[in-house]
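Accompanying notes for the structure given below.
Since the structure is predicted, the reported quantities are computational estimates derived from the model, not experimental observations. Basis for what follows: all heavy atoms, side chains included, without hydrogens, waters or symmetry-related copies.
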Amino acid sequence: MHRHLKLIGLGVGLTAWAIVAGMRTHPATDLSSLQARASDTDVAIGTAQSPERLYTDSCASCHQAQGQGRFPVFPPLAGSPWVNGDSDRLIALTLHGVSGPIDVNGVEYSGLMPGFAHLSDRELAAVLTYSRSAWGNRAPPVSESEVAAVRSATSRRRVPWSAAELGGRAP
């Protein structure tokens, strides 16, 4: 059963990678349609959601409830230098997504994370601060003004980042 799930995860990751790779060969392709969409309920609740609830609703299906991730597609957030490191890099990859190989603690993952630009600056700051302080992580909080600055600086971005573009190791 466990092996079967790994194969399904690998298949999903490879399919997502192939789609993004194909779209990268056509730079005019707008991948914003792949960004996660907020439901009507989420919009109505808005910032009334707790940071933990935002994480559960937006991130846990891939990165799991305790931030442990799912090998080989979804990397862990617990103990991750991507989460605990430069906040601007984390904000950028969360806003616009990341695709392709990404190294987390010496293990390579290869999936597609959609962008979450639909979250407000306050919501994004809250969920990132939560992730940077949960599961043993001890990174400084992320502020709304940091999110607003990165959102503005990367507003023309239409495709997910690669790890190499964000200054991370990639093969």
Can you find a pair of side-chain heavy atoms, one from [X] and one from [Y], that are under 4.5 Å apart?
| X | Y | answer |
| --- | --- | --- |
| H63 | P75 | yes |
| Q49 | D57 | yes |
| R132 | P141 | no |
| P51 | V127 | no |
| V73 | S110 | no |
| W82 | V98 | no |

Distance-minimising heavy-atom pair for [X] and [Y]:
| X | Y | value |
| --- | --- | --- |
| V142 | S87 | CG2-CB, 4.1 Å |
| V83 | A139 | O-CB, 4.4 Å |
| N137 | G79 | OD1-N, 2.8 Å |
| D103 | G106 | OD1-N, 3.2 Å |

In Å, rounded to the nearest 0.5 Å, how long is the span from [atom1] of [X] to [atom2] of [Y]?
| X | Y | atom1 | atom2 | value |
| --- | --- | --- | --- | --- |
| S162 | L93 | OG | CG | 11.0 Å |
| L128 | C59 | CG | SG | 7.5 Å |
| N84 | S131 | CG | OG | 10.0 Å |
| T94 | R151 | OG1 | CZ | 11.0 Å |
| R138 | S133 | CZ | OG | 7.5 Å |
| T129 | L54 | OG1 | CG | 11.0 Å |

With sequence neighbours left out, write down each residue that passes side-chain hydrogen bond (donor to acceptor under 3.5 Å, both in side chains) with [X], or none if nothing qualifies.
| X | value |
| --- | --- |
| T154 | H96 |
| N105 | none |
| S58 | none |

S143: side-chain contact (heavy atoms from CB on, under 4.5 Å) partners, not counting sequence neighbours:
S145, E146
Return the set of residues passing salt bridge (Lys or Arg N to Asp or Glu O under 4.0 Å) with R70 (not counting sequence neighbours), or none when no residue passes.
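R70 satisfies salt bridge (Lys or Arg N to Asp or Glu O under 4.0 Å) with no other residue.
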Under the salt bridge (Lys or Arg N to Asp or Glu O under 4.0 Å) test, residues paired with E144 that sit two or more places apart:
R122
Those residues that, when tested against Y55, pass ring pair (Phe, Tyr, Trp, His ring centres under 6.0 Å) (two or more places apart)
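With sequence neighbours excluded, Y55 shows a ring pair (Phe, Tyr, Trp, His ring centres under 6.0 Å) to Y130, W135, given in chain and number order.
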Salt bridge (Lys or Arg N to Asp or Glu O under 4.0 Å): pairs with one or both residues in residues 74-101, sequence neighbours excluded
none
Assess the pair Y109 and F71: is the distance between their ring centroids shorter than 6.0 Å?
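Close enough - the centres of the two rings lie under 6.0 Å apart.
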Any donor and acceptor pair, going by atom type alone, linking the side chain of R158 with main-chain N or O of S155 inside 3.5 Å?
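Indeed, once roles are kept as given, a pair shorter than 3.5 Å links the two residues.
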